[in-house]
Amino acid sequence: MQDLSHFVDGARVAGTSGRFGDVYNPATGEVQAKVPYATKDEVDAAVARAAEAQPAWAATNPQRRARVMMEFVRLLNRDMDKLAEVLSSEHGKTLPDAKGDLQRGLEVVEFCIGAPHLLKGEYTDSAGPGIDIYSMRQPLGVAAAIMPFNFPAMMPLWHVAPALVCGNAVVLKPSERDPSVPLMLAELFIEAGLPKGCFQVVNGDKEAVDALLDNDTIGGVSFVGSTPIAQYIYSRATANGKRAQCFGGAKNHLIVMPDADMDQAADALVGSGYGAAGERCMAVSVAVPVGEETADRLIDKLVPRIEKLKVGPYTSGDDVDFGPVVTREAQQRILSLIDRGVEEGAKLVVDNRNFSLQGYEDGFFVGPHLFDHVTKDMDIYKTEIFGPVLSTVRAGSYEEALGLAMDHEYGNGTAIFTRDGDTARDFANRINIGMVGVNVPIPVPLAYHTFGGWKKSVFGDLNQHGPDSFKFYTRTKTVTARWPSGLKEGGEFHFKQMD
Ligand code: NAD
């Protein structure tokens, strides 16, 4: 059993609260580590140390800060296999998926290498006689990042890297379910040349989160997780005068038009619905075939593909399509939602409720499930299940399918599969959802674009990574300067045009 720690001032530091959380190996159900839960005092001390370290880091020129990112990229690639192994052992996802988690995080760090260009300000020469105006982007100071379990490398990197390269110090509160990789990332940043104290990791639960939200030194809060907590964090952080961006849950619809390539659509649904056991905020959880005939053809294609999926521990290598879910609680919640769907009258066409894996009977596995004839009043349609469960809602027309996705409270991602350019264009223009795929099931934008949903999938107004992250982690300061040669005699008492 491993005792995990916090990471403060460049080193691992044991917790003092005496409160710990269990970190499981979801494949076996065994507790493999204990993670300390930080007290308010521990959090405040980590923030105070970050605030001491931040001014010198902010004064380091952007090119040097970018070089730390460059070196971090090299180190992460060096340690990719080791990190992926630890990540899989705590999260349960397959090794290729764990590498994908690290890789998509790494791409944002690569984007951050462009900081010297991205942080350039604006300048107006001779805005008035001898007057120049310039604006610059300055760091917030200390930023906090509160992250979910489902991407323990990618999500922290999407926030920590832009925050740091903009000249902030960061205090990260990773998920208590899989905290080891974030601690390893903190060590790699120190090895890459980041000054101590600029990146602190405090582990914990609500007490640690609330301490961050109430700490006056924290200038900005980024949160990723479920919608109720996102809403709570946004309210409390903004009530305390902080800038906040909080990303929540999802229920992503994939619309299949009658003219779609049905094999392609079925493959896409299986990959996006069941990959990572459905524990992705961009997982497709609702298939919407348009027309009864399309629906029948789609179900015929889906069932054999889903029945072939292999579920197992990450240690089985490439033989496995997806692993267990993260905790026993998550497993029980998903299974009870499946029962609820049956009670509600949906047709469970792939039923693996009795799934069990020999040798891993205590693991948190959930076999793949497919529902047909789901309707919009059902709980399984309204709720984010966050498991390997795909619901099919049959729509009579394109307009009905579009309306379904538009009326859902979540608005993270969506996709349409069609061969018709007009329909695809209409869909992309009218849909009230933040990320849209056309014949692409999981439209996660690359690092140099931005990532974010609409509706109840987000609270706040700037997206993750890409140019938005540089806006979120900096404040604009605008200087209006006049030099003596431009001065006329006499004072000025009124706003006036600068001519
Ligand atoms: P979660 O909301 O349970 O936890 C997220 C973080 O909040 C964790 O660090 C946790 O310790 C903390 N937390 C939990 N309860 C809290 C409370 N009462 N007060 C203060 N802090 C609290 O989410 P999760 O289960 O870790 O992650 C899964 C969720 O994240 C899903 O809903 C998924 O859709 C969402 N997600 C969204 C995005 C996105 O970009 N929109 C990306 C990834 C995951």
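All residue numbers in this chain count up from 1 along the given sequence. All ligand and atom numbering here is 1-based and tracks the order in the structure.
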Item to complete: Specify whether the nearest protein heavy atom to atom 4 (O) of ligand 1 is under 4.0 angstrom away.
Response: no
Short N or O distance, [X] and ligand 1, threshold 3.5 Å exclusive:
X: G225; value: yes
X: E176; value: yes
X: S226; value: yes

Discussion item. Can you check which of G204, C281, C246 brings a heavy atom nearest to atom 36 (N) of ligand 1?
Written reply: C281
Enumerate the atoms of ligand 1 whose separation from the nearest heavy atom of [X] is less than 4.0 angstrom.
X: Q464; answer: 40 (O)
X: V209; answer: 20 (C), 21 (N)
X: K173; answer: 8 (C), 9 (O), 10 (C), 11 (O)
X: P174; answer: 9 (O)
X: F223; answer: 2 (O), 5 (C), 6 (C), 7 (O)

Discussion item. Looking at ligand 1, would F151 count as a contact under a 4.0 Å heavy-atom criterion?
Written reply: no
Worksheet item: For ligand 1, is N150 a contact, meaning one of its heavy atoms is under 4.0 Å away?
Response: yes
Discussion item. A side-chain contact here means heavy atoms from C-beta on lying under 4.5 Å apart; do R104 and L446 qualify?
Written reply: yes
Worksheet item: How are the rings of F365 and Y360 set relative to one another: parallel (under 30°), tilted (30 to 60°) or perpendicular (over 60°)?
Response: perpendicular
Worksheet item: So, do H408 and Y381 have ring centers that fall under 6.0 Å from each other?
Response: yes
Ion pair [X]/[Y], N-O distance below 4.0 Å:
X: E279; Y: K93; answer: no
X: E344; Y: R340; answer: yes
X: K99; Y: D81; answer: yes
X: D214; Y: K40; answer: no

Discussion item. Heavy-atom pairs closer than 4.0 Å: do any link ligand 1 to the side chain of M147, the backbone, both, or neither?
Written reply: backbone
Worksheet item: salt bridge (charged side-chain N to carboxylate O under 4.0 Å, His left out) between K82 and E85: does it pass, once the steps are laid out?
Response: CA-CA 5 Å; K82 190 167 74 182; E85 175 95 29; over 6 Å; no
Worksheet, complete the sentence: P179 and V23 have their tightest heavy-atom pair at CD-CG2, 3.8 Å
